[in-house]
Amino acid sequence: MSAAPTLLPYGDRAVLVELGSTQEAVDYAVALRGRDAPVVGEVVPAARTVLVVADEGAALADLRALLADVAPASGGDAAAEQPVVEVPVTYDGEDLADVARLTGLSEREVVAAHTGQEWRVAFGGFAPGFGYLIGQDERLHVPRRGESRTRVPAGAVGLAGEYSGIYPRSSPGGWQLIGRTDVPLWDLDRDPAALLAPGVRVRFVEASQ
Amino acid sequence: MSRALRVHAVGPVALVEDLGRRGLSGVGVGRSGAADRAALRQANRLLANEEGAAAVEVTFGGLEVEVVGEGSWCCVTGAPCPVTVDGREVGSHTVFFAEPGARVRLGAPTAGLRSYLGVRGGVEPDEVLGSRSSDVMSGLGPPPLEVGDVLPVGCPGDRFSDLDTVVVPDLAGDVVLRAVRGPRDGWVADADLLVSTGWAVTERSNRVGMRLGGPALEHARDEQLPSEGAWRGAVQVPPDGEPVLFLADHPVTGGYPVVAVVVDADVDRAAQLRPGDTVRFRWVEAS
């Protein structure tokens, strides 16, 4: 059982709900969306929190009352119904050797660990279409790079903290890069535009050489 | 095309904005929309448009458009500025008719930063994810206006405005923004420093956020804050201690502590601050 969520103040339109882990934040956000409450305008899950913004005209007090009443189910059940997206990756990232050193694995073992577990999109942010993926294998937890790159190419596959992620477009970034993919992550002509929307399950496969 | 505006000059920057994109934060798409939402709404009420119709957000004047096709009722709200039609002064915060071929020009505002050129029917470039807003952070929506662009104008409805007085905002003088203590006020050594001194709006300010110069808000903890949701009005403190007030195109999540959140109604006023202006904060309770 997890502790009750803490409701932190966030101005006169929003509340920041603090939870114990990314999984609990995901479960809480899923449960909140399931309530389909009209007072909820926006739900922004993140690493340990869910920011909830009141809908226009809704009272903050009503939102607080709802948030204190949300009872998240434990994870897994809802996720199992989501589709699995296969992402082919060429594992030749610039930081692959560093990741091997940081984890005590060989480069091949890093690839095997990355492809050998099911990942799930916990939340978005950073850029349109970027998903923070959580897995089950803690061996791949590595710190961000000491210094950010000014330009990470689109499609770069990286690791940072407990997450894996893919840059939807070229941008600055500090994640440890282990590979690259050609899969279009963000396409405005597709519905939904984000391939890796929250809840989606992901399996990385090694691209054929 | 029966109605349109052809762009002849844009000034520092001119963008199409409505009230933004809703419900997409989960996939990394922020709300965006007019930096001064109250001014956009006022323009639309004056013109009997839908409340969220799109207008042109003009930063520090300099926009000139030609009315193409049929004539259009227009008005300028937000930062008060000289408005001319074919060189004839018509003023801001009033509705005027521009004949086909007329040139509408906005001068530099006397106070404030962002003016809104509204047109009856609204400007209607294509929607992206349910909004015509230009989001400078994500690059979604219409790109910044350029000379030669032709902006379609929507069909005027059959309603008439029921406004008979127009409030011209007073954007001169020092500004006090009401703020609620933020969720991470304990992550800086002294969050009260935010309210005990004045802050200078720096040049490093745009629709994403406004950087405030003043005494550094020193971090009290060494560890990194896990990324969390961000919202318009949040005052975030990066490691250098210089607070950033998030505006319309803020990031969806942020990794630095939010020590205060400006009351929603005051964020519109914040968006009218110019570099060099002084701003103060005052703690209030969230109602």
Side-chain angles (χ1 to χ4, degrees), chain A residues 6-18 21-22 25 29 33 40-56 59-61 64 121 123-132 143-144 160-163 168-169 174 186 188 191-199, chain B residues 19-32 37 51-52 126-129 135 137-141 178-186 224-235 246 250-255 258-267 283-287:
Chain A
T6 308
L7 304 188
L8 297 171
Y10 206 99
D12 64 338
R13 300 304 304 148
V15 175
L16 188 68
V17 184
E18 189 170 48
S21 67
T22 302
R33 289 203 177 96
V40 175
E42 204 95 16
V43 180
V44 194
R48 301 283 180 272
T49 57
V50 181
L51 178 67
V52 189
V53 184
D55 201 15
E56 256 154 61
L60 193 64
R64 284 186 158 272
V121 184
F123 57 94
F126 178 61
F130 188 87
Y132 289 79
R144 296 161 64 92
E162 63 199 286
Y163 307 106
R169 57 174 187 183
W186 179 252
L188 280 171
D191 188 21
L195 180 69
L196 303 185
Chain B
L19 290 177
R21 300 182 174 83
R22 299 173 65 86
L24 294 169
S25 295
V27 292
V29 175
R31 182 70 60 98
S32 188
R37 298 155 299 179
E51 169 140 314
D126 289 344
E127 286 192 357
V128 175
L129 299 174
D135 181 337
M137 170 107 173
S138 69
L140 293 175
R178 294 168 293 168
V180 179
R181 282 181 176 277
R184 306 298 175 197
D185 61 343
Q224 282 192 354
L225 181 72
S227 179
E228 53 194 28
W231 200 247
R232 192 189 295 221
V235 179
F246 280 158
H250 65 83
V252 171
T253 56
V258 169
V259 301
V261 182
V262 173
V263 167
D264 191 60
D266 288 7
V267 183
W283 291 132
V284 294
E285 298 289 323
S287 49

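Everything quoted here is computed from the prediction, not taken from an experiment. Within every chain, numbering begins at 1; the chains are lettered A, B, ... in the order of the sequence lines, protein sequences first and strands thereafter.
- To the nearest 0.5 Å, atoms CZ (Arg232(B)) and CZ (Arg13(A)) are separated by 12.5 Å.
- Only the side chain of Val258(B) comes within contact range of chain A, with heavy atoms under 4.5 Å apart.
- Ranked by heavy-atom pairs shorter than 4.5 Å toward chain A, the options Ala230(B), Ala179(B), Ala234(B), Gly182(B) are led by Ala230(B).
- In terms of heavy-atom pairs under 4.5 Å with chain B, the best-connected choice from Val15(A), Val52(A), Asp191(A), Val53(A) is Val53(A).
- Interface residue Val43(A): only backbone heavy atoms are found under 4.5 Å from chain B.
- Here the shortest heavy-atom pairing between Pro198(A) and Val27(B) reads CD-CG1, 3.8 Å.
- Comparing Ala47(A), Pro128(A), Gly125(A), Ala46(A) by heavy-atom pairs within less than 4.5 Å of chain B, the highest count is held by Pro128(A).
- When heavy atoms are compared at a cutoff of 4.5 Å, Tyr10(A) approaches chain B by way of both its backbone and its side chain.
- One finds no salt bridge joining Glu56(A) and Arg37(B) here, because no Lys/Arg side-chain nitrogen approaches an Asp/Glu carboxylate oxygen to under 4.0 Å.
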Worksheet entry | Audit row: Val29(B), Trp186(A), side-chain contact (heavy atoms from CB on, under 4.5 Å) steps and yes/no | CA-CA 11 Å; Val29(B) 175; Trp186(A) 179 252; 3.6 Å; yes

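- Looking only at side-chain heavy atoms (C-beta outward), Trp231(B) and Leu16(A) stay at 4.5 Å or farther from each other.
- Interface remark: Ala127(A) contributes backbone atoms only to the contact with chain B (heavy atom separation under 4.5 Å).
- Applying side chain to side chain contact (heavy atoms under 4.5 Å, CB included) to Pro183(B) and the options Leu7(A), Val17(A), Leu8(A), Thr49(A) leaves one that passes, Leu8(A).
- One distance of note links OG of Ser227(B) with OH of Tyr132(A); it measures 4.5 Å at 0.5 Å rounding.
- Remark: side-chain polar atoms of Asp12(A) are paired, donor with acceptor, to backbone N or O of Asp264(B) under 3.5 angstrom.
- For the pair Leu51(A)/Thr253(B), no side-chain contact is recorded, criterion being any heavy-atom separation below 4.5 Å from C-beta on.
- Annotation: maximal heavy-atom pairing with chain A below 4.5 Å, among Gly233(B), Ser138(B), Ala260(B), occurs at Ser138(B).
- Interface summary for chain A: among Arg31(B), Arg184(B), Gln224(B), Met137(B), the most heavy-atom pairs under 4.5 angstrom belong to Arg184(B).
- Contact of Val284(B) with chain A is not made at all, since no heavy-atom distance falls under 4.5 Å.
- In this structure, the portion of Leu24(B) lying under 4.5 Å from any heavy atom of chain A is its backbone and not its side chain.
- For Arg181(B), the part lying under 4.5 angstrom from a heavy atom of chain A is the backbone only.
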